[in-house]
Amino acid sequence: MIAEVAVDCPMKKLNKVFHYLIPPHLKQFISPGSRVIVPFGRQRVLGYVLDIKEHSDITQLKYIHDILDGQPLLDENMIKLGKWMAHRYITSLACCFNAMLPSALKTNAVEKYTVGDNCYDEKLKTFLSTPKALGELIKAFGLSSQDISLYIKRGVLVKQKHYEHKSSQKYIDILQLTKGVTKEDISKRAYRQHQLFEVLKNQKEVVFQKLPVELKRAANSLVEKGVVLKKQKQVFREPNNINIQEKCVISLTSYQKQVFETVSESLSNLKRDSFLLWGVTGSGKTEIYLRLAEKAISQNNDVIVLVPEIALTPLMVNRFKNKFNDNVAVLHSGLSQGEKLDQWQKIKEGKVKIVVGARSAVFAPFKNVGLIIIDEEHENTYKQEENPKYHTIEIAQKRLELSQGVLLLGSATPSIESLYRTEHGEYKLLNLPKRATANEMPLIDVVDMKSELENGNRSIFSKKLFKSIKKSLDNNEQVVLFLNRRGFSTTTLCRKCGFTFKCPSCDLTLTSHDNGNFLICHYCHYQLSKPNSCPSCKSIHLSFNGIGTEKLQKEVQKVFPKSKILRMDVDTMSSKDSYNKVYQQFADKQGDILIGTQMIAKGFDFPDVTTVGIIIADMGLNIPDFRSAEKTFQLVTQVAGRAGRGDKAGVVILQTYSPEHYSIEHSSKYQYKQFYLKEIKIREALNYPPFVKIIKFDIVANQEERVKKEAIEVAEMLKELQKKHQIQKSEILGPVMSARYKLRNNYRWQVMLKTNNMKQWLDILNKYNFPHKFSKGIRVSIDVEPTTTT
DNA sequence: AGCACGCCGACT
DNA sequence: GTCGGCGTGCTC
């Protein structure tokens, strides 16, 4: 008996499997889907058994060393899915299987040592009868690291990885300055340590785990010197308990009924079908989801419900929990690894029939998936940005193909691609053109900020927005202000010589925070305390340009001094609970005005909000990405949906510098269809998706010159492959410097491949083992159908 | 990832 | 003639 194993090792040629003999004592436990430990070269690594065979052509097979779980973790369909994924996203098999399992199962690999075949030392043998960590071994036998590597070489010792379940308690380390220490306690040359010192002086405490790598090292040496104190703090899991008044839904509208019946029919006939439900905000999509889930369960099928970000959609989770009680598992980012594992096991053991969760819940270990619902299907959180760079919709499609089920995508603003697919019969389009409740969508009033400026209004607020806010406040109603940029100001500029403060390792301008007291790099978190003068010309005239949520808050407070303002962005979300807290505060009317970034665009349902202000609507339009118009439209629609949810009518004031842009024009009138028709023409003319498929190659390394050289090489290789295999309908663009050229001291170039021949390219790139063709220190990562091209 | 293998310059 | 740098390639 031979086991075919996908080995987990970030190694070249890993789209292939390795054969191992199965030791007699493990025979009855090992089957496809088992996780095993196998000898691989001189190491022992994790592997996934994919198949059991009678024979192998390979001679000199090794034995499987051990098995990790009592039962196989993956069923036949999941193995098929993993194989398909590895090919589709050009990654290793093990990487795909890792993505399917809860992280608690994979992250706790501990290196331990045990005796090898050439160990004749009885003392060592007894000591290592249970595997020991390196530290224990060194302590007990007084060995040096050279001794150990020598012993490993000679086969006296064997290094292996141990996979242990972590305790479900989570800890973080808090750093504080020791009382009474000063700058002089740190050696003059230790630049990083001084940097950390400044941060701690200003912020009092900092979470160690959140520091950038460079500062972590500095932190450790300062802890050793006693300048900094390190304390362990337990992080408590946060139960998801927002009190939301349930809207009582008595019966479905005729539109809802029709949608329900259409999907329901496919469920009854066990047909493999895909639907796109295009329903305006508030049209009652959730109610349809609930009823369809009920239907699927009654037929003994399992249901997966996916939401973009579970923390931001407490409503959906609540409604499923209320309706199905114990039959629902929830997988959200607020759970500890251990808790996630518990939920996962509940699903695996068939104790629940429904899971509500974010992206990775698409891999929920159900046996019989009959329905997958993807809400807000246009959200880009459905694309995983790390390897395997999968898109949740694609995975869902593939799963349902394997288990014969129905896919239901829902959105008020479907992605251009999805809508395009409905025209070509890949998805069936379902419409909910009317809100389920009586109130209409709020009116969107577009204000041209250029003419405001011409009329002498230089403030952040247009006259209209100011009036509307005032009116709402006077009526004791609430206001939501949306600005998609956090921090105080985006650039700090010397007015004399034009110097701008930039991050030394990222080539990005530093955003000032805390009233300009800090400059922070939003990418690597490099910090600088408030500069007094320009480092280039010593001028003291510095100006803070560009507006972020912090500055907005300050301005609003100035103009409406009596109002109570709440702010919601990454910076105010220090703990998992902050979101719920602010949400609850605003719901309880402990705040008059809520200021926020993207975070407030989704799922907020406050009946007393009558003014919504979009401070700068066209911020996203300047991003050089083919999806920027689409994204802007979606964001405007979403934010607008926050107004007028109760009995009172709401107003949306949209401020913009480009009122004539088609994205702004159509979104302000809720004309998605018209926008779509225009956008799809542009996509066709410029040869962008959905008319072409993109594969993006990122070339990253820390040596500027080498990256450029390799990037040219990547483009050359692609052109050669294209020529050699005569691939038609393809275009290789680049290499070009990435939009964010330098990040964390790494330089990046990119090459784009546009093609209508995806299948052939995937076959060739996989066969050719493309991502691993490059020399050490150069990382070439491939993104198949990326969501952005920047 | 590790580690061996092999090819080239520096040195006993 | 040997030691050790690291570029290349393999691990069932």
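Reminder, nothing fancy here: chain letters follow the sequence lines and each chain counts from 1. Any value given below was found using the heavy atoms of this structure, including those in side chains, with hydrogens, waters and symmetry copies removed.
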Report the distance from atom OH of A:Tyr63 to atom P of C:dT11, rounded to the nearest whole Å. 20 Å
Just jot down the salt bridge (Lys or Arg N to Asp or Glu O under 4.0 Å) partners of A:Asp783, sequence neighbours excluded, or say none. A:Lys383
A:Tyr89 versus A:Asn387, side-chain donor and acceptor atoms under 3.5 Å: no
side-chain contact (heavy atoms from CB on, under 4.5 Å) with A:Ile22: which of A:Leu61, A:Ile30, A:Val36? A:Ile30
How long is the line joining NE2 of A:His65 and C1' of C:dT11, in whole Å? 17 Å
Just the rounded figure in Å: distance from C1' of C:dC12 to CZ of A:Arg44. 15 Å
On the 0 to 90° scale, with breaks at 30° and 60°, tag the A:Phe97-A:Tyr48 ring pair as parallel, tilted or perpendicular. tilted
Tell me: CD1 of A:Ile58 to P of C:dC12, nearest whole Å? 10 Å
Between A:Ile52 (CD1) and C:dC12 (P), how many Å, whole number? 18 Å
Can you check whether A:Phe40 stacks with the C:dT11 base, using ring centres under 5.5 Å and planes within 30°? yes
Can you tell me how far P of C:dT11 sits from OH of A:Tyr20, to the nearest Å? 10 Å
Classify the nucleic acid contact of A:Glu4 as base, sugar-phosphate or nothing, counting any heavy atom under 4.0 Å across all strands shown. nothing
Atom pair distance, as rounded to whole Å: CG in A:Leu46 and P in C:dT11: 20 Å
Take the protein atom CG of A:Asp51 and the nucleotide atom P of C:dC12, then report the distance between them rounded to whole Å. 20 Å
For a quick test of reading the model: is some side-chain N or O of A:Gln43 closer than 4.0 Å to OP1 or OP2 of B:dA1? no
